[in-house]
Amino acid sequence: MKAFVALSMCLVLFTCNALVSNALDTITTNQSIQDGESLISAGETFELGFFSRGDPPKRYLGIWYKKITTMTIVWVANRVAPLADASGTLRVTTHGSLVLLDGNGSDTWLSNAPIPVRNPVAQLLDSGNLVVRDAEGSDPNNFLWQSFDYPTDTLQAGMKIGWNRTSGFNRYLKSWKSIDDPSPGNFTFQLDPNGYPQLLLKQGSDIKFRTGPWNGLRFSGTPYLNTNPYYRYEFVLNEEEMYYRYVLLNRSVTSRLTLTTNGIIQRFAWIDRTQGWMLYITSPIDQCDNYASCGAYASCRVDTSPVCRCLKGFVPRFSQELDMLDWSNGCVRRNPLDCEKDIFVKYSWLKLPDTRSSWFNESMNLQECEVVCMKKCSCMAYSNLDIRNGGSGCLLWFSELVDIRGYSNYGQDLYIRMAVSESALLPSHHKKHKLVMGLAVFFGSVFLILVLTIRLLQCKKKKMKLPEAKWDSFESGDNCEKPKEDLELPLFDLFTVARATDNFSTDNKLGEGGFGPVYKGVLRDGQEIAVKMLSRNSRQGLHEFKNEVLYVSKLQHRNLVKLLGCCIEEENLLIYEFMPNGSLDSFLFDPMQRKRLDWSTRFNIIKGIARGLLYLHQDSRLRIIHRDVKASNVLLDYEMNPKISDFGLAKSFTGNETQANTNRVVGTYGYMSPEYALDGVFSTKSDVFSYGVLVLEIVSGKRNRGFHHPDHRHNLLGHAWRLFTEGRSMKLLDKLVENSCSTSEALRSIHIGLLCVQRCPNDRPSMSTVVMMLGSDIELPLPKEPGFFIERNLLQESTSQSQPNEMTMTVLSAR
Ligand SMILES: *[C@@H]1O[C@H](CO)[C@@H](O)[C@H](O)[C@H]1NC(C)=O
Ligand SMILES: *[C@@H]1O[C@H](CO)[C@@H](O)[C@H](O)[C@H]1NC(C)=O
Ligand SMILES: *[C@@H]1O[C@H](CO)[C@@H](O)[C@H](O)[C@H]1NC(C)=O
Ligand SMILES: *[C@@H]1O[C@H](CO)[C@@H](O)[C@H](O)[C@H]1NC(C)=O
Ligand SMILES: *[C@@H]1O[C@H](CO)[C@@H](O)[C@H](O)[C@H]1NC(C)=O
Ligand SMILES: *[C@@H]1O[C@H](CO)[C@@H](O)[C@H](O)[C@H]1NC(C)=O
C-alpha cells in the first residue's frame with residue numbers, strides 16, 4: 001500500500017512537471033483537473049492543485065504561491081471534506097458550479113450553484129482568486145462565483161472581510177485547526193456589524209482582540225497601519241456593503257495576512273533575497289490588546305505599571321481591588337451622573353472603546369454630536385468618526401465604555417459624560433454654564449484640596465505597606481544610584497499565594513532558582529502562576545529580589561516574563577505568569593526535547609530574544625542591561641515564544657551613560673563578554689555578547705561551555721568562527737534541524753551570532769541593528785575574531801572553584 005502511494009506520488013510529480021510547460025489557467029466544462037495536475041495563473045503567481053496534510057495524509061484542493069519555494073497555502077476548497085486518496089478531480093459543471101469528485105465519482109465539495117450560463121469556465125487569476133465566469137459574457141469581471149468570497153485563514157490583497165448588506169452574506173477568516181489540519185479551528189476574524197463596525201478576533205464567541213472603529217486612516221487600535229507606497233488600506237461602509245481590505249499598489253510586492261491556529265493575526269511580506277516570509281505585524285501585539293483586559297472606564301497602557309488605570313474622575317468599582325490583579329470589574333464614576341446637568345470631559349490619546357452599542361452619523365460635526373449626546377441620558381460618550389481634516393462625523397456610545405487603551409504619541413479624543421461636580425477636569429475656558437461657574441470654581445477648589453489630601457494619605461498608606469524599611473536596612477554592594485520611584489505593583493497576600501500553590505507543596509515545586517525555590521500555582525480565577533520564593537537567609541538574594549521587583553514591574557513586553565505581583569509578608573515572594581514549557585536550556589541541551597525545536601521555532605526564539613533585549617536596552621523607560629542573558633533565563637510559553645526572565649542582576653543606566661564598572665562581577669561563564677569577566681566593565685554590548693553566544697547555541701544545539709571538538713581546543717565560539725572562515729558554517733547546524741531548516745536563515749543567524757561575540761565591544765552591533773539584520777536581507781559586515789575562543793584554561797580554572805549546581809557564579813575581579 002505504502003509503495004503504491006509512493007509510486008502514485010512519483011507519477012503525480014511527474015505529470016505535474018510535464019504539465020508546467022503548457023500550464024493552463026482556465027478549464028472549461030470539457031476539461032478537468034485531476035490530482036497531480038494544476039492550474040497556474042497567467043503571470044505564474046499562483047497555483048491551484050492538490051496537496052496533502054495530516055497523518056495518515058489526506059488530499060485537499062487548494063491555492064498556493066507558485067514562485068515561493070516554501071509552500072504557503074492561501075486557500076483550501078474542501079477543508080471540511082478531505083479526500084482519502086489521490087483520486088480527486090475538479091470540474092466545472094454545465095450549470096456553472098465547481099465540483100470536486102472522489103475516485104467513485106461522488107461529489108465531496110461543491111461551490112454553490114450560481115445562475116446558469118451558456119459557457120461557464122473556471123479561471124485562476126493572478127490575484128490568487130479562483131473564479132467562475134461566463135466565457136461569452138461581456139464583462140470579464142462579472143464573476144458567478146469567486147474563492148475570494150470564501151476565505152479560509154488568509155486575507156490576500158484585494159480580498160474583502162465583511163458584509164454584503166443586501167444579501168446578508170458575510171466573509172471572514174477562520175483559522176485552521178492545526179498546522180496539519182485545514183479544517184476550521186476555533187478562531188475567527190470578522191467584521192462585527194453592530195453599532196459602528198469594527199473587526200473582531202474571536203475564539204468561539206469570546207472576543208480576544210478588537211481593532212476598534214475605522215477613523216478614516218486606520219482602525220482606532222491599529223496605529224501600525226500607516227500609509228506606505230505598497231498598499232492602501234480600505235474600509236467601505238455604504239448602503240450595500242461594509243468591508244475592510246488592502247489593495248496592492250505595487251504588483252511586485254507579495255503580502256498576506258493570516259489568522260494562525262492559535263489565534264494570532266500576522267502580516268507577512270515575502271523577501272526575495274532571503275527567500276523567506278518576513279513577519280511585520282502581529283495582533284494582538286501586547287497585553288493591552290487583549291479585549292477589555294482592564295474592565296470598564298479604565299485605560300490600558302503598556303508603558304505603565306500596573307498597566308490598568310481608571311480614567312480621571314473614575315475609581316475602582318470595588319475599592320479593595322486597588323491592589324489586585326483582576327481588573328475585570330473595572331471602574332465607576334467617582335460622582336454619579338445627574339443627566340440634565342452633566343458635562344463632557346475630553347480624554348485624549350486613546351483607542352476608542354468598544355462600539356458594538358454605538359450610534360453614528362457621518363455628516364454631523366462635533367458640536368451637533370455633543371448636543372445629541374447631552375439630550376439622551378443613556379449616551380455615555382461621543383467622538384469624531386473621522387479624524388481626517390480636523391475631524392468630522394459623530395459616534396455616540398450607549399453602554400459602559402470598555403476596552404480602552406492609552407498611547408503616548410497616538411490616539412483619539414473621547415468626550416465622556418461626567419457629573420457637573422467634575423468640572424475641575426475641564427480646561428477653564430470650557431466651562432459653559434456661567435451661573436454655575438463661580439460655584440464650581442469654589443467647590444472645585446475645595447474638592448481639589450480634598451482630593452489632594454486623600455491622595456496624599458493614600459500615598460502614605462501605600463508606602464507604609466511596602467517594605468521600604470526592611471529593604472533600606474540592606475546596604476547594596478555597589479554605589480550605583482537606584483531608582484527611587486514608587487513601586488506600583490499589586491501586592492498579594494500570603495494566604496492567596498499559599499492557597500494557589502497548595503501550601504507551597506513539593507509537588508508544585510518547579511525548581512530552584514538563583515536565590516530560592518520556584519513553585520507553580522493556580523489562582524482562584526484559573527490563572528496559572530509561578531511563585532519565586534526568596535530563601536530567608538539569603539542577603540545576596542534580598543538585593544536581587546528588590547532589584548527584580550523594581551525593574552520587572554516596570555517592564556511590559558511580549559518577550560519578557562510578566563511579573564504579576566509580589567508578596568512581602570513573612571515570605572518574600574514574586575508572582576509571575578506561568579511559562580508552561582519551562583526554560584530554553586531544558587529543550588536545547590536535552591537530546592530528546594531538542595527534537596521539538598524545529599528550525600522555525602528556533603529562528604522565532606532567536607528573533608524574540610532580540611526584540612526583548614532591544615526593548616530592555618532602548619525602548620523601555622528604564623534602559624536596562626540584563627547582565628545574565630543565557631539559555632536558562634529564557635522561558636517558553638505555550639506557543640514556544642521566548643520570554644526573558646530573571647532580572648536579579650539587571651542594572652538601569654541613564655540616557656548618556658553607555659557603560660559602567662563594577663567590583664562584583666556576576667553573571668554566567670560561557671556567556672560573559674571578555675571586558676566584563678576580566679575588567680568588570682559592562683555595557684549593553686556585554687548583553688549583545690551573551691546574546692551572540694546564545695544564538696550560536698540555539699543554532700548548534702550545543703553549549704558553549706563544555707564544548708569539545710576532536711580537532712582543536714576551541715570552544716563553541718572558536719569552532720563557529722573557524723567554520724565561518726572556512727566557508728563551512730552550515731556544519732555548525734544542529735543535525736536535528738537540517739531538514740526543517742531554511743539555509744539562508746541559518747547562515748544569517750550564525751553570521752549575526754559571530755558579529756555579536758566579537759572581541760571588541762565597539763565592533764559588536766547594537767540590539768536594534770541585530771533586530772534589523774534578522775528581519776531584513778541587508779548585507780552583513782564580516783565578523784572579526786570572537787572574544788574568548790581559546791581562553792578555555794583561564795575560564796576552566798576560575799569556574800572550577802564554584803559549586804557545580806549553582807547557575808549564577810560570583811567572583812571578585814582583581815581590578
Ligand atoms: C465540449 O465538447 C463538445 C463535444 O466534443 C463540443 O461540442 C463543445 O463545443 C465543447 N465545449 C467546449 C466549451 O469546448
Ligand atoms: C468507493 O466505493 C467503495 C465501495 O463502495 C468504497 O469501499 C470506497 O471507500 C470508495 N472510495 C472512495 C474514495 O470513496
Ligand atoms: C450583494 O448581494 C446582492 C444580492 O445577492 C447582489 O445582487 C449584489 O450584487 C451584491 N453586492 C455586491 C457588491 O457584491
Ligand atoms: C476548540 O474549542 C473546543 C470547544 O470549546 C475545545 O474542546 C477545543 O480544545 C478547542 N480547540 C483548540 C485547538 O483550541
Ligand atoms: C515596486 O517595488 C519595487 C521593489 O521595491 C520597485 O523596484 C519598483 O520601482 C516599484 N514599482 C512601482 C511602480 O512603484
Ligand atoms: C445625520 O445628520 C444629518 C445632519 O444633522 C441629518 O440630516 C441626517 O438625517 C442624519 N442621519 C441619520 C441617519 O440620522
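All ligand and atom numbering here is 1-based and tracks the order in the structure.
- For atom 7 (O) of ligand 3, no protein non-hydrogen atom is found at a distance below 4.0 Å.
- Aromatic ring centres of Trp214 and Phe219 lie closer together than 6.0 Å.
- For atom 10 (C) of ligand 3, the closest non-hydrogen atom of the protein is Asn164 ND2, 2.4 Å.
- Salt bridge Asp35/Arg59: present, at least one basic N to carboxylate O contact under 4.0 Å.
- When only non-hydrogen protein atoms are considered, atom 13 (C) of ligand 3 lies nearest to Glu241 CD, 3.3 Å.
- Residue Thr166 has no N or O atom closer than 3.5 Å to an N or O atom of ligand 3.
- Annotation: atom 9 (O) of ligand 3 to nearest protein heavy atom, Glu240 OE2, 4.1 Å.
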Residues Glu422, Arg333; criterion side-chain contact (heavy atoms from CB on, under 4.5 Å); working and verdict: CA-CA 10 Å; Glu422 297 285 1; Arg333 285 184 180 76; over 6 Å; no

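- By the 3.5 Å distance cut-off applied to N or O atoms, Asn361 is counted among the residues near ligand 6.
- Near Met364, with a cut-off below 4.0 Å to any heavy atom, the atoms of ligand 6 are 2 (O), 5 (O).
- A salt bridge is absent between Lys375 and Glu370: the closest approach of a Lys/Arg side-chain nitrogen to an acidic carboxylate oxygen does not fall below 4.0 angstrom.
- Taking atom 4 (C) of ligand 3 as the reference point, the nearest protein heavy-atom neighbour is Ser167 CB, 3.8 Å.
- Selection from Gly393, Cys394, Ser363, Cys369 by nearest heavy atom to atom 3 (C) of ligand 6 gives Ser363.
- Sulfur-sulfur distance for Cys394 and Cys369: below 2.5 Å, consistent with a disulfide.
- Around CD of Glu136, the count of heavy atoms belonging to other residues, nucleotides or ligands within 6.0 Å exceeds 12.
- Shown here is Asp206, whose CG atom has more than 12 heavy atoms of other residues, nucleotides or ligands within 6.0 Å.
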